[in-house]
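Reading through the structure tokens given below for one structure.
Along the sequence shown, the residues carry numbers beginning at 1.
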Amino acid sequence: MTGRTPAQHQAQNQGQTPPKAKAKKSSGGLLALFGAILLVQGFGSAITESGWDTSFGVSAVLREAGAPAWVDLVVGAVGCALLAAAARARMLRNAK
């Protein structure tokens with residue numbers, strides 16, 4: 001025993017977020033971050049490829065590996081899906 005009363009323990013622990021809640025919050029932020037990155041990488045590369053005959057990032061690597069041009073749009077669509085999932089998770093978390 002530490003010599004503190006239960007009220008002192010409770011006062012010390014107030015305002016602290018449990019580890020599981022922190023992990024969920026940071027994973028939601030990562031989901032949104034990866035979604036935004038893939039969105040820009042996919043659709044941005046498709047735009048630069050059509051306008052200036054050059055690609056960048058993930059799509060450039062995929063093109064060099066022999067992937068077809070429509071893969072850029074798939075990468076962008078995956079980014080949109082990740083952003084939608086992150087937004088939905090945030091809405092559900094804020095609704096509680």
Side-chain angles (χ1 to χ4, degrees):
M1 188 122 200
T2 61
R4 290 183 279 178
T5 66
Q8 289 172 328
H9 280 288
Q10 185 179 9
Q12 179 185 6
N13 292 331
Q14 282 181 340
Q16 294 180 355
T17 308
K20 286 185 180 180
K22 283 184 181 180
K24 286 182 182 179
K25 189 173 183 180
S26 66
S27 67
L30 286 177
L31 191 64
L33 175 66
F34 288 138
I37 289 171
L38 288 179
L39 179 81
V40 170
Q41 291 283 317
F43 292 135
S45 187
I47 291 169
T48 60
E49 185 67 37
S50 67
W52 297 280
D53 293 324
T54 185
S55 58
F56 64 89
V58 173
S59 298
V61 172
L62 292 173
R63 291 243 177 135
E64 288 298 317
W70 53 265
V71 171
D72 294 350
L73 300 176
V74 171
V75 170
V78 168
C80 285
L82 288 176
L83 283 174
R88 184 172 191 277
R90 177 176 275 194
M91 282 178 36
L92 291 174
R93 186 172 54 241
N94 288 342
K96 290 181 181 180

Is there a donor-acceptor pair under 3.5 Å between the side chain of S59 and the backbone N or O of F56?
-> no

side-chain hydrogen bond (donor to acceptor under 3.5 Å, both in side chains) partners of residues 73-85, not counting sequence neighbours, each pair once = none

Following the transitive rule for hydrophobic clusters with a side-chain heavy-atom cut-off under 4.5 Å over Ile, Leu, Val, Met, Phe, Trp and Tyr, establish whether V74 and L82 coincide in one cluster.
-> yes

Keeping to residues at least two apart or across chains, list the salt bridge (charged side-chain N to carboxylate O under 4.0 Å, His left out) pairs with something in residues 30-39.
-> none

Which residue pairs pass the salt bridge (charged side-chain N to carboxylate O under 4.0 Å, His left out) test when at least one of the two sits in residues 73-84, sequence neighbours left out?
-> none

Check whether V75 and F34 end up in the same hydrophobic cluster, where Ile, Leu, Val, Met, Phe, Trp and Tyr are linked by side-chain heavy atoms less than 4.5 Å apart.
-> yes

Test side chain to side chain contact (heavy atoms under 4.5 Å, CB included) on R90 and R93 and set out the steps.
-> CA-CA 5 Å; R90 177 176 275 194; R93 186 172 54 241; 4.1 Å; yes

Qualifying side-chain hydrogen bond (donor to acceptor under 3.5 Å, both in side chains) pairs with a residue from residues 37-48, counting only residues at least two apart or across chains | none

Are L31 and V58 connected in the hydrophobic side-chain network, where two residues link if heavy atoms are under 4.5 Å apart?
-> yes

Side-chain donor/acceptor pairs under 3.5 Å, residues 63-71, sequence neighbours excluded:
{"residue": "R63", "atom": "NH1", "partner": "E49", "partner atom": "OE1", "Å": "3.0"}
{"residue": "R63", "atom": "NH1", "partner": "E49", "partner atom": "OE2", "Å": "3.2"}
{"residue": "R63", "atom": "NH2", "partner": "A69", "partner atom": "O", "Å": "3.4"}
{"residue": "R63", "atom": "NH2", "partner": "D72", "partner atom": "OD2", "Å": "2.5"}

To the nearest 0.5 Å, how far apart are CD1 in I37 and CG in L30?
-> 9.5 Å

Members other than L39 in its cluster, when Ile, Leu, Val, Met, Phe, Trp, Tyr link by side-chain heavy atoms under 4.5 Å?
-> F43, L73, L83

